[in-house]
Amino acid sequence: MFESALCQIIFYVFAALALLCAVGVVAFRNPVTSAMNMALCFGLVSAILFGLGAQFLGIIQIIIYAGAILVLFVFVIMMLDIKAEEHSPASWLPAVGGTVVAAVFAGMVMSVSMNLPGAKDGSCPAKTLWDNIGELSLAPQPQQAEAPAKVTRFGGALPALSPAAAAKALNPDIAPEQAANATTYPDVKLVGHTLFTQYNIPFVILGFALLSGSVGAMALARKYRKD
Amino acid sequence: MIPLAHYLIFSGLLFSIGLAGVLVRKNIIVVFMCLEMMLTAANVSLVAFSRAQGTAGIPVYDAQVLSLFVSGIAAAEVAIGLALIVAMFRSRKSVESTELTSLKD
């Protein structure tokens, strides 16, 4: 399903919209407008994570960022009753400086990603779509045979997810024909398997970090009485 | 299929927009939002690398677990940071970063 041409167009549309919303966060003067733009941006980023096959992280992105963090931001904006920034005359120099620094950083990252070893192997899907815009097929393309795994490969298409291999990884004793019958990819099960076997202790430490974070937030934000 | 480089370019652009926001904006709450955006951009590139470096049709799940930890720590960080902003507003009646000049004068 993720291989069809439609999904490729969806990635580029969502990426462009997410970047537009991110620019909106920076550009709007009213903090509430910025917060709403950030909610949209996180929703679109979670759609991109879905497209990458990371359903669990996409859901987590919506629940944690758009659900919890954003509500906290909007609540603090409401509580402090913050007005929109007024335009100060002498503020163009830091604005231009910051934009130049960020643009240099963006150019650096783009040049590094485009010059990764093998990154120019595959044809650009946007260009392929443009060339074949007439015979665009919305049906899923037949899956290719799995490419031999090369660790240093950064280019070409991302390798396809294999439900059979995932079923085998979750249950090594499964019969091969039963594994081959698996149709859905168990993303959440595999994340949970990794989290609770390999990373159990860090997960507990994360829980302690969240606990101390909430206790610290209450200690910082409470009003001190004079007595 | 979209190559890895396009996901990396997207995440790099999102990160640099966040960086620009941190450098340009004076409202500390918006600066904080831009920090969250930078963390999200890092998450996108982690997940893209986990998918690209996977073997035999299974992504590298260590990267996705790391990205989950980043989200969890971001939640704790937001709670502390917003409490600091509230404390700053109580003492200075402002959330502009240009008001924080007590070390300068």
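Below, chain A is the first sequence line, B the second, and so on; all start at residue 1. Please read all numbers here as calculations on a predicted model, not as lab measurements.
- Summarising the geometry of A:Ala217 relative to B:Ile80, their closest heavy-atom pair is N-CD1, 3.9 Å, with the distance given to 0.1 Å.
- Interface remark: of the candidates B:Leu14, B:Thr40, B:Val86, B:Thr40 forms the most heavy-atom pairs closer than 4.5 Å to chain A.
- Contact tally against chain B (heavy-atom pairs below 4.5 Å) for A:Thr194, A:Leu57, A:Val45, A:Val104: the top residue is A:Leu57.
- Among B:Thr98, B:Asp62, B:Val31, B:Val95, the residue making the largest number of heavy-atom pairs under 4.5 Å with chain A is B:Asp62.
- In terms of heavy-atom pairs under 4.5 Å with chain B, the best-connected choice from A:Ser214, A:Ala103, A:Ala106, A:Gly97 is A:Ala106.
- Contact of A:Met218 with chain B is not made at all, since no heavy-atom distance falls under 4.5 Å.
- With a 4.5 Å cut-off on non-hydrogen atoms, A:Thr99 touches chain B through its backbone and its side chain both.
- Note: A:Leu80 leads A:Leu80, A:Leu70, A:Val100, A:Leu49 in heavy-atom pairs under 4.5 Å with chain B.
- In terms of heavy atoms, B:Glu36 sits closest to A:Phe73 at CG-CE1, 4.1 Å.
- When the candidates B:Gly81, B:Pro59, B:Ser11, B:Ala87 are compared by the number of heavy-atom contacts under 4.5 Å with chain A, B:Pro59 comes out ahead.
- Here the closest heavy-atom approach between residue B:Val24 and residue A:Pro94 is recorded as CG2-O, 4.3 Å.
- Interface remark: of the candidates B:Gly12, B:Cys34, B:Ala41, B:Ser71, B:Ser71 forms the most heavy-atom pairs closer than 4.5 Å to chain A.
- Chosen from A:Gly207, A:Ala209, A:Gly98, the residue pairing most often with chain B at heavy-atom distances under 4.5 Å is A:Gly98.
- Taking chain B as the reference chain and counting heavy-atom pairs below 4.5 Å, the highest number among A:Tyr65, A:Phe203, A:Phe28 is found for A:Tyr65.
- Interface residue A:Leu72: backbone and side-chain heavy atoms are both found under 4.5 Å from chain B.
- In terms of heavy-atom proximity, A:Val25 sits nearest to A:Ser34 at O-OG, 2.9 Å.
- A donor-acceptor pair is defined here as one N or O able to donate and one able to accept, closer than 3.5 Å; no such pair exists between the side chain of A:Asp187 and the backbone of A:Ala54.
- Closest heavy-atom contact between A:Ser113 and B:Leu8: CB-CB, 3.7 Å.
- Comparing A:Val101, A:Leu211, A:Val23, A:Leu206 by how many heavy-atom pairs each has under 4.5 Å with chain B, the most go to A:Leu206.
- When atom types are taken as modelled, the side chain of B:Arg25 and the backbone of B:Val30 share no donor-acceptor pair closer than 3.5 angstrom.
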